[in-house]
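One structure is given below, encoded as structure tokens.
We name chains A, B, ... by the order of the sequence lines, and we start the count at 1 in each one.
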Number of protein chains: 2
Amino acid sequence: MKYSKQRELVLNTVIENPVHPTADFVYSHLRSANPNISLGTVYRNLNLLADHGLIHKIAIPNGSDRFDFRTDEHYHMICDCCGEVFDVELDSLKELDSEIEKSTGFVVRHHDLIINGLCNKCKHK
Amino acid sequence: MKYSKQRELVLNTVIENPVHPTADFVYSHLRSANPNISLGTVYRNLNLLADHGLIHKIAIPNGSDRFDFRTDEHYHMICDCCGEVFDVELDSLKELDSEIEKSTGFVVRHHDLIINGLCNKCKHK
DNA sequence: CTACCTGCAAAAGGTTTGCATAGCC
DNA sequence: GGCTATGCAAACCTTTTGCAGGTAG
């Protein structure tokens with residue numbers, strides 16, 4: 001991957017904003033200091049960085065994709081009230097892929113798990 | 001929910017086609033015998049039927065939503081090769097929601113799990 | 001120099017919605 | 001008769017892509 005200023009900015013934005021930003025968040029965030037950056041470039045770089053394993057792309061049901069600077073295995077919980085995305089560690093899923101392979105015979109490459117509910121701040125409202 | 005011919009057709013299509021059809025599948029399928037049915041009506045009815053719990057909506061990362069006549073708890077595996085969607089029973093996830101609630105304090109309403117890989121037909125290619 | 005990258009704007013899905021008309025109860 | 005549903009088409013949102021010019025190595 002050749003160096004580019006825009007790619008560096010995109011990567012740093014994801015790293016410095018652990019809110020699991022969307023492409024549009026990254027774009028808006030960068031726009032103020034870099035009025036010429038384009039949304040297409042942001043998308044291209046987020047996807048390229050994810051393809052190279054430097055960040056992780058999180059597909060959200062009925063919502064925009066989000067990006068995560070953490071690339072180790074963990075899961076995400078989205079609060080239906082405030083929209084915030086939280087990291088969740090689930091040791092019990094370590095064996096999930098091999099369990100599925102054993103019971104179905106499929107070759108598992110990947111699984112996506114998204115949890116919806118209410119976070120600690122919102123559950124008392 | 002008031003009766004409508006179109007809603008009945010949409011529901012029957014989902015029930016009679018256990019391929020986890022997309023809205024477009026349902027639309028194309030019905031179009032031949034009902035040339036006037038509209039895609040908007042198909043979407044409205046699929047969503048309405050799902051809201052009323054008669055069918056289940058499956059959000060597919062990077063793909064169209066699919067609909068399932070089965071409403072009991074089970075999961076889905078999508079073959080990256082042929083695109084077919086398979087049902088997977090995972091008893092080990094029965095306790096997932098309560099496990100998450102215990103470790104995080106969140107109120108869990110729902111979780112979505114999609115597995116990607118290769119089915120038994122495709123894995124030998 | 002050349003391959004890769006950018007900005008811009010248009011296109012491409014997939015899904016929802018506004019409106020006037022039609023149908024259920 | 002009134003409320004809900006329909007067909008049609010336009011709008012919407014997010015993401016991708018074609019192109020002509022710019023930049024890293």
Side-chain angles (χ1 to χ4, degrees), chain A residues 1-14 17 19-52 54-68 76 78 83 85 112 114, chain B residues 1-14 19-52 54-68 76 78 80 83 85 112 114:
Chain A
M1 225 179 350
K2 181 188 282 194
Y3 172 85
S4 90
K5 180 72 181 167
Q6 289 86 340
R7 184 142 53 238
E8 182 177 39
L9 290 168
V10 168
L11 177 58
N12 286 341
T13 303
V14 175
N17 292 277
V19 294
H20 311 85
T22 61
D24 199 61
F25 177 102
V26 174
Y27 175 64
S28 307
H29 179 89
L30 290 176
R31 203 81 218 262
S32 42
N34 309 269
N36 291 324
I37 201 166
S38 79
L39 185 57
T41 295
V42 170
Y43 270 103
R44 273 184 292 233
N45 280 312
L46 287 168
N47 286 329
L48 203 59
L49 291 165
D51 290 346
H52 286 250
L54 279 84
I55 62 177
H56 191 243
K57 185 177 188 166
I58 315 165
I60 309 285
N62 317 312
S64 305
D65 291 343
R66 288 172 168 267
F67 296 84
D68 195 344
H76 295 99
I78 304 170
V85 178
D112 279 304
I114 299 287
Chain B
M1 225 181 346
K2 178 188 284 195
Y3 172 85
S4 91
K5 180 73 182 166
Q6 288 87 339
R7 185 141 53 238
E8 182 178 40
L9 290 168
V10 167
L11 178 57
N12 286 341
T13 303
V14 175
V19 295
H20 311 84
T22 60
D24 200 63
F25 177 102
V26 174
Y27 175 65
S28 307
H29 179 89
L30 290 175
R31 204 80 217 263
S32 41
N34 308 270
N36 290 324
I37 200 167
S38 80
L39 185 58
T41 295
V42 171
Y43 270 105
R44 273 185 290 233
N45 279 312
L46 286 168
N47 285 329
L48 204 59
L49 291 164
D51 288 347
H52 285 251
L54 281 85
I55 62 177
H56 191 244
K57 185 176 189 166
I58 314 165
I60 309 285
N62 316 313
S64 306
D65 292 344
R66 289 171 168 267
F67 295 85
D68 194 344
H76 296 98
I78 303 171
D80 292 333
V85 178
D112 280 303
I114 298 288

### Query
Under 3.5 Å, is there a donor-acceptor pair linking the side chains of A/Tyr27 and A/Arg31?
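Yes, because at least one side-chain N or O of A/Tyr27 sits under 3.5 Å from a partner of the opposite role on A/Arg31.
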Tell me: [atom1] of [X] to [atom2] of [N], nearest whole Å?
{"X": "A/Arg66", "N": "D/dT15", "atom1": "CZ", "atom2": "C1'", "result": "16 Å"}
{"X": "B/Leu11", "N": "D/dA5", "atom1": "CG", "atom2": "P", "result": "15 Å"}
{"X": "A/Leu49", "N": "C/dC4", "atom1": "CG", "atom2": "C1'", "result": "15 Å"}
{"X": "B/Asn62", "N": "C/dT15", "atom1": "CG", "atom2": "P", "result": "12 Å"}
{"X": "B/Leu30", "N": "D/dT6", "atom1": "CG", "atom2": "P", "result": "12 Å"}
{"X": "A/Asn36", "N": "D/dG22", "atom1": "CG", "atom2": "C1'", "result": "13 Å"}
{"X": "A/Phe67", "N": "D/dT14", "atom1": "CZ", "atom2": "P", "result": "13 Å"}
{"X": "B/Leu46", "N": "D/dT6", "atom1": "CG", "atom2": "P", "result": "11 Å"}

Can you find a side chain N or O atom of [X] that sits less than 4.0 Å from OP1 or OP2 on [N]?
{"X": "B/Asn45", "N": "D/dA5", "result": "no"}
{"X": "A/Ser4", "N": "C/dT6", "result": "yes"}
{"X": "B/Gln6", "N": "D/dG7", "result": "yes"}
{"X": "B/Tyr43", "N": "C/dT15", "result": "yes"}
{"X": "A/Thr41", "N": "C/dG7", "result": "yes"}
{"X": "A/Asn47", "N": "D/dT15", "result": "no"}

Need one value for [X]: base, sugar-phosphate or nothing, where a base atom within 4.0 Å counts as base even if backbone is also close, heavy atoms only.
{"X": "B/Arg44", "value": "base"}
{"X": "A/Leu39", "value": "base"}
{"X": "B/Asp24", "value": "nothing"}

### Query
Is a donor on one side and an acceptor on the other found under 3.5 Å between the side chain of B/Arg7 and the backbone of B/Arg44?
no
### Task
Please step through side-chain contact (heavy atoms from CB on, under 4.5 Å) for the pair A/Ile60 and A/His20, ending with a clear verdict.
CA-CA 11 Å; A/Ile60 309 285; A/His20 311 85; over 6 Å; no
### Message
Is there a side-chain contact (heavy atoms from CB on, under 4.5 Å) between A/Ile58 and A/Ile114? Walk through the geometry before answering.
### Response
CA-CA 9 Å; A/Ile58 315 165; A/Ile114 299 287; 3.8 Å; yes
### Message
To check you understand the geometry: which heavy-atom pair defines the closest contact between B/Ala23 and B/Val42, and what is its length?
### Response
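Taking every non-hydrogen atom into account, O-CG1, 3.7 Å.
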### 5'-most by nearest nucleotide on DNA chain C - B/Gly63 or A/Lys5
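The residue whose closest nucleotide sits nearer the 5' end is A/Lys5.
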### Minimum-distance nucleotide (side-chain atoms of A/Lys2 versus C/dG7, C/dT16, D/dA24)
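For A/Lys2, the side-chain atoms sit closest to D/dA24.
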### Query
Out of D/dT23, C/dC24, D/dT15, which nucleotide sits closest to the side chain of A/Ser64?
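Nearest listed nucleotide: D/dT15.
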